[in-house]
Asks: 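Below is one structure. I have some questions about it.
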Amino acid sequence: MSEFDAKSFLKTLPKHPGVYRMYDSSDALLYVGKAKNLKNRVSSYFRTTGLTLKTKALVEQIHRIEFTVTGSETEALLLEQTQIKRNRPPFNILMRDDKSYPYIFLSSSDYPQIEYSRGKKRRSGQYFGPYPNTNAVKETLNLLHKVFRLRQCDDNFFSHRSRPCLQHQIERCSAPCVDLISKDDYAEDVKRAALFLKGRSVELIADLQEKMDQAAEKLNFELAARFRDQLIQLRKIQEQQYVYGEQGDADLFAMVSRPGGLAISVLFVRSGRVLGSRHYFPTDHLSDNEEETLQAFINQFYLGSGTREVPAEVITNLPLQEPEMLAEALQSLYSKKVAITSQVRSHRARWLQMAVTNAEQSLISHLARKGTMDSRFKALQEALGLEERPERLECFDISHSSGEATVASCVVLGPEGPIKGEYRKFNIEGITAGDDYAAMRQALIRRYKRLASGEGKKPDILVLDGGKGQLKQAREVFNELAVTDVILLAVSKGTTRKQGFETLYLETNDQIIDLDSDSKALHVIEQVRDEAHRFAVVSHRQRRDNTRRTSRFESIPGIGPKRRQAILRHFGGQKEALDASIQELAKVPGISASLAEQIYFHLHPEQ
């Protein structure tokens, strides 16, 4: 037991609702909980019998407890979730992905633009969603552009067009910018797109059928064919999606567990249309049962954010322990009445079964990946003769184009897979172009100099893509920074330069590790090496392209900031300005014909 005097402390607790916070001896927050009766709830942790192993592990670390009295249990629930989100205590269930969800935005201009949106809803227009991920939004937008041909460009680009863009040529836009469609006809397309996004497909298809028949009667066969094509596309979509009616906004939560982990899938339904799902794999450190785990997750999902899109219904595959309190908290936070249930029939039962199936399949895949990675890390432990299994691999790689825009990448791999939130990229400056050794040295110093002051996490193994030379650089840097207890492993492609035939150098250039091409240990090394290479190439290309775009415009002779700004404002962006002809450049205020020619040939030296 810790030095915490539980008996004395419990005497001071009131019997009011509130929130309690448990800290360890280093004053780190361990757990945040809420209670209808603080005295009874906190006392339950210190009873002599009936505690689970997880609760005992928590109690053994408690050094002190703080509490806050609230006016009601609902207030305690809201305060608990706020503090969990702010402090992320290790014994609470934590959502690893708390980003805002994406939406589709339809602006309110004369010719509305349709686009992807994320974040606060500040603009005037209609928002549709939320969608479970970016891919779901992109698929829907791609479909809308194909069927309804609404514009995608921003207002600056739209207002300065003198001819249709490429989107019109590939039949993804009706070109309202140059009046190739009337304002009324475009408004009809906007109305139909909104009907589709609201899930009112039956009404939409009936409207299109009527318009097609009217166009055919008037012998306007071109217009009739366009309506026919839209109908064909929409019917194909209906075949691929579950649509059970025109009503119903719901979030469906399904939780399943197996030895080794649990999964919670959230299925999003808006206006009777299934938009998709998102899967979570939280670690349960303290809950006694699955219902309590699901309740804690849903509490954090809605109350820990405060910016969620809350539907009319929340449906769960397990009955929640405190549905009334959650509903009251949601109404308090979002000013919206929400029905919470686990007993559903008809189409809602089919939605719930779909969520359960998603949770089961995602957990099977997650555990399979986790098991594969675990076996690879154990194989690496055996191959290197380590006493304990490594828990953290870091790998560096360098990427550049003949010395231009050099970038070093650092990726992190653990027994559960890539830890992408801890990836880092380093823009390399002040070295001789193309000097990979100097680039690696700079990146390693910038990454590991913080370890001396106790900042940052130390890897168990540092993998270097580049062989003996890079291994030497790493050893020198580690000696200078006094970094110890990190195994250095360099990967050289070898004479054949084929996958599976790499040469591995452990610690020194003389200690070579020979692994078979089917070795799991070699596979995990190749995985982290390939991921570092991919991340380095992507980061380099982003930096190179940004540099090239900026330098091209800033180095045009005779063009200062005001004229440069006028060009970009006229065309709506650098890419559009690069695509402009001499004649189009000459239309920019303040740009003469001769200056337009000079600008064009500076931007296109190959011509």
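Heavy-atom basis, side chains included; hydrogens, waters and symmetry copies ignored.
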Asks: Relative to the ring of F268, is the ring of F301 parallel (under 30°), tilted (30 to 60°) or perpendicular (over 60°)?
Replies: tilted
Asks: Output, in order, the C-alpha distance, side-chain angles, deciding distance and verdict of ring pair (Phe, Tyr, Trp, His ring centres under 6.0 Å) for Y423 and F535.
Replies: CA-CA 9 Å; Y423 284 16; F535 188 54; 5.2 Å; yes
Asks: Step by step, work out the salt bridge (Lys or Arg N to Asp or Glu O under 4.0 Å) result for R534 and E531.
Replies: CA-CA 5 Å; R534 180 200 66 80; E531 178 67 358; 2.9 Å; yes
Asks: With a 3.5 Å cut-off and no angle check, do the side chains of S342 and T316 form a donor-acceptor pair?
Replies: no
Asks: Are Y103 and F128, when compared by the centres of their aromatic rings, separated by less than 6.0 Å?
Replies: no
Asks: Distance alone, cut at 3.5 Å: any donor-acceptor contact between the side chains of T406 and H540?
Replies: no
Asks: Regarding D189 and R149, does a basic nitrogen lie under 4.0 Å from an acidic carboxylate oxygen?
Replies: no
Asks: So, for L141 and E115, which heavy atoms are closest and what is the spacing to 0.1 Å?
Replies: CD1-C, 4.0 Å
Asks: By the salt bridge (Lys or Arg N to Asp or Glu O under 4.0 Å) test, which pairs, at least two apart or in different chains, include something from residues 167-181?
Replies: none
Asks: Considering only heavy atoms from C-beta outward, does the side chain of Y186 approach that of R151 to under 4.5 Å?
Replies: yes
Asks: Are R376 and E526 ion-paired here, with the side-chain N under 4.0 Å from a carboxylate O?
Replies: no
Asks: Do Y334 side-chain atoms and Y302 backbone N/O form a donor-acceptor pair below 3.5 Å?
Replies: yes
Asks: If we ignore angles and hydrogens, is there a donor and acceptor under 3.5 Å between the side chains of Q167 and Q152?
Replies: yes
Asks: Less than 4.5 Å apart, side chain to side chain, heavy atoms only: is that true for H168 and L180?
Replies: yes
Asks: Less than 4.5 Å apart, any side-chain heavy atom of F253 and any of N317?
Replies: no
